[in-house]
Protein chains: 2
Amino acid sequence: MTILDWTERFKGTAALPKDVRERLNKSARITHLKKGDQVFGPMNIPDSLFFLYDGRIRVSQTSEAGREIVLYRIEAGESCVLTTACMLAEEAYNAEGIAETDVTVVVLPKPAFDRLSSEEDAFRNFVFAAYSRRLIDLLRVVDDVAFGRIDVRLAERLLTLGDVLKEVRATHQDLASELGTAREVISRVLNDFQKRDLIEQSRGLITLKDKAGLEAIAHSA
Amino acid sequence: MTILDWTERFKGTAALPKDVRERLNKSARITHLKKGDQVFGPMNIPDSLFFLYDGRIRVSQTSEAGREIVLYRIEAGESCVLTTACMLAEEAYNAEGIAETDVTVVVLPKPAFDRLSSEEDAFRNFVFAAYSRRLIDLLRVVDDVAFGRIDVRLAERLLTLGDVLKEVRATHQDLASELGTAREVISRVLNDFQKRDLIEQSRGLITLKDKAGLEAIAHSA
DNA sequence: TCGGTTAGGTGACATTGTCACTGACGATCC
DNA sequence: GGATCGTCAGTGACAATGTCACCTAACCGA
């Protein structure tokens, strides 16, 4: 494939001197993954650092009983620190990353990572910032799960998933996995939303009819 | 006060060359805090790095409604990365650290931190490991809150809080704050435990009568 | 010992999670 | 077309947990 200069894509590398960037381009490997592929998981801990060049990765956690909750999403230009966390920590964990779209990943071997983070302040700060971002994300998840109502959380999530279009292509089970709850709960709440004319439903598709109304619910925490 | 060589206390600094450690001892400041003092919080974001020399810090999060949940504890020899996370991330958060005992803290100014983490691999790895540890801790919290039963979680927590002694000195409200639930819920579960002869209760004190029984509950997830 | 504060108990009810089952829809094959 | 199968969604009963209002008991300092 064509060799692309990924270093311009990341905050931590864009500002680096040209020679450093060229060195990086040599030592890093670029990988493509299909939508739905597992990027990492309990059985699949990479020994390298991941930087997401293009696409989106969904990081979720699954309980013993098989219920799932989405922790956060990695967008293009961000790095995936959880893999490194899992490398360092001995403890068992059960988070996994799934490619939500086709994905292009820059894989940086650990030696190159070490060298870079010792030599380049910008890069090191980028990595620290990535860690911080995830910590904050998880604080938010804890807050939502421990203290939030699901109608509020579902309204929020519908709005973020719908974004530009007013459509959310997801089954009730998908949404349950987003929020870490059961399908039946989602069904109940969605039916309530429908009765209130906030949404329209059809198989695997939800249409947002009243974004303002949903926002009112989302912010009524 | 007497100057103590804290650098031997931390994994990331103990192995450093003597001259580096001496430099550190000069640039860092040592602070003492009383039991119950706030180490950091939404209104009190330090601009330096914290290393816990002695004592224990409880990190918890509080909801809008005022309900609290304990995220993790920092033990002597560990660093407090959440403060740095909060420095870097712009977003609002509401975690705070409370000294659970009298506490001795090493405060390392950011310039010294930057220099150290660029020059010394051991130190940098120590910091990364600290971040990782907290990420994993939070994954566990998410798992517990989203998927765990409270009787299981309470049994676990009683065992860890009781540890050597068979006593837990905590009010029902304290335990509710540990697990992010309501006092009434704790009261109900404790009464159930008492009926089953697993514990004994008196005002502000719980005695573990049957650790094996509690462990059975704790592991019956 | 009085009075106030804090810890804990209780019942009614709301919300959320679980379970078992049903029907509805869409694809495919004959 | 119609039979069949798998996925998606709806439902009612019940269990677990959270909320609210209010009560009692224990402790503590004046």
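Owing to the predicted nature of the structure, the values given are computational and were not obtained by experimental measurement. Per chain, numbering begins at 1; letters A, B, ... match sequence-line order.
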What pair of heavy atoms forms the shortest contact from G55(A) to V103(A), and how long is it? CA-CG2, 4.0 Å
Could you check how far CG of D144(A) sits from P of dT16(C), rounded to whole Å? 13 Å
Does a nitrogen or oxygen in the side chain of S187(A) sit under 4.0 Å from OP1 or OP2 of dA9(D)? no
What do you reckon, are the aromatic ring centroids of F50(A) and F40(A) less than 6.0 Å apart? no
Round to the nearest Å and state the distance from E64(A) atom CD to dT18(C) atom P. 13 Å
Identify all pairs in which a protein N or O lies below 3.5 Å from an N or O of nucleotides 20-23 of chain D, and state each distance.
unit_1  : atom_1 : unit_2  : atom_2 : d
dC20(D) : N4     : E184(B) : OE2    : 2.9

Specify the residues of residues 202-211 of chain B, ordered by number, for which at least one heavy atom lies under 4.0 angstrom from an atom of DNA chain D. R203(B)
Please give, in whole Å, the distance from dG10(D) C1' to Q201(A) CD? 10 Å
Whole angstrom is fine here: how far is it from CZ in F147(A) over to C1' in dT15(C)? 17 Å
Report the residue from K195(A), R188(A), R196(A) that forms a side chain to side chain donor-acceptor pair (under 3.5 Å) with D192(A). R196(A)
Taking CD1 from I186(B) and P from dT10(C), how many angstroms apart are they, rounded to a whole number? 16 Å
Please state how far atom CD in Q173(A) lies from atom C1' in dG6(D), giving the value in whole angstrom units. 15 Å
Between the protein and nucleotides 16-18 of chain D, list the N/O to N/O atom pairs that are separated by less than 3.5 angstrom.
unit_1  : atom_1 : unit_2  : atom_2 : d
dT17(D) : OP1    : I150(B) : N      : 3.0
dG18(D) : OP2    : T181(B) : OG1    : 2.4
dG18(D) : O3'    : R67(B)  : NH1    : 3.4
dG18(D) : N7     : R188(B) : NH2    : 2.8

Got a list of side-chain donor-acceptor pairs under 3.5 Å for residues 141-149 of chain B, not counting sequence neighbours?
unit_1  : atom_1 : unit_2  : atom_2 : d
D144(B) : OD1    : R140(B) : NE     : 3.1
D144(B) : OD2    : R140(B) : NE     : 3.4
R149(B) : NE     : D151(B) : OD1    : 3.2
R149(B) : NH2    : D151(B) : OD2    : 3.3

Pairing residues for K110(A) by the side chain to side chain donor-acceptor pair (under 3.5 Å) criterion, not counting sequence neighbours: D114(A)
Got a sec, which residues hit side chain to side chain contact (heavy atoms under 4.5 Å, CB included) with E184(B), two or more places apart in sequence or on another chain? A182(B)
Rounded to whole Å, the CD-P distance (Q194(A) to dA9(D)) equals 12 Å
Near-ring test F128(A)/F123(A), centroid separation under 6.0 angstrom: no
Is it the case that E96(B) and Q38(B) place a side-chain donor and acceptor less than 3.5 Å from each other? yes
Ionic contact status for K35(B) with E100(B), cut-off 4.0 Å: no
Pair E167(A)-T207(A), side-chain donor/acceptor within less than 3.5 Å: no
Result of checking R73(B), R56(B), R134(B), K11(B) against E78(B) for side chain to side chain donor-acceptor pair (under 3.5 Å): R134(B)
Rounded to the nearest Å, what distance is computed from the CG atom of residue N191(A) to the C1' atom of nucleotide dT11(D)? 10 Å
H172(B) side-chain N/O to dT6(C) phosphate OP1/OP2 under 4.0 Å: no
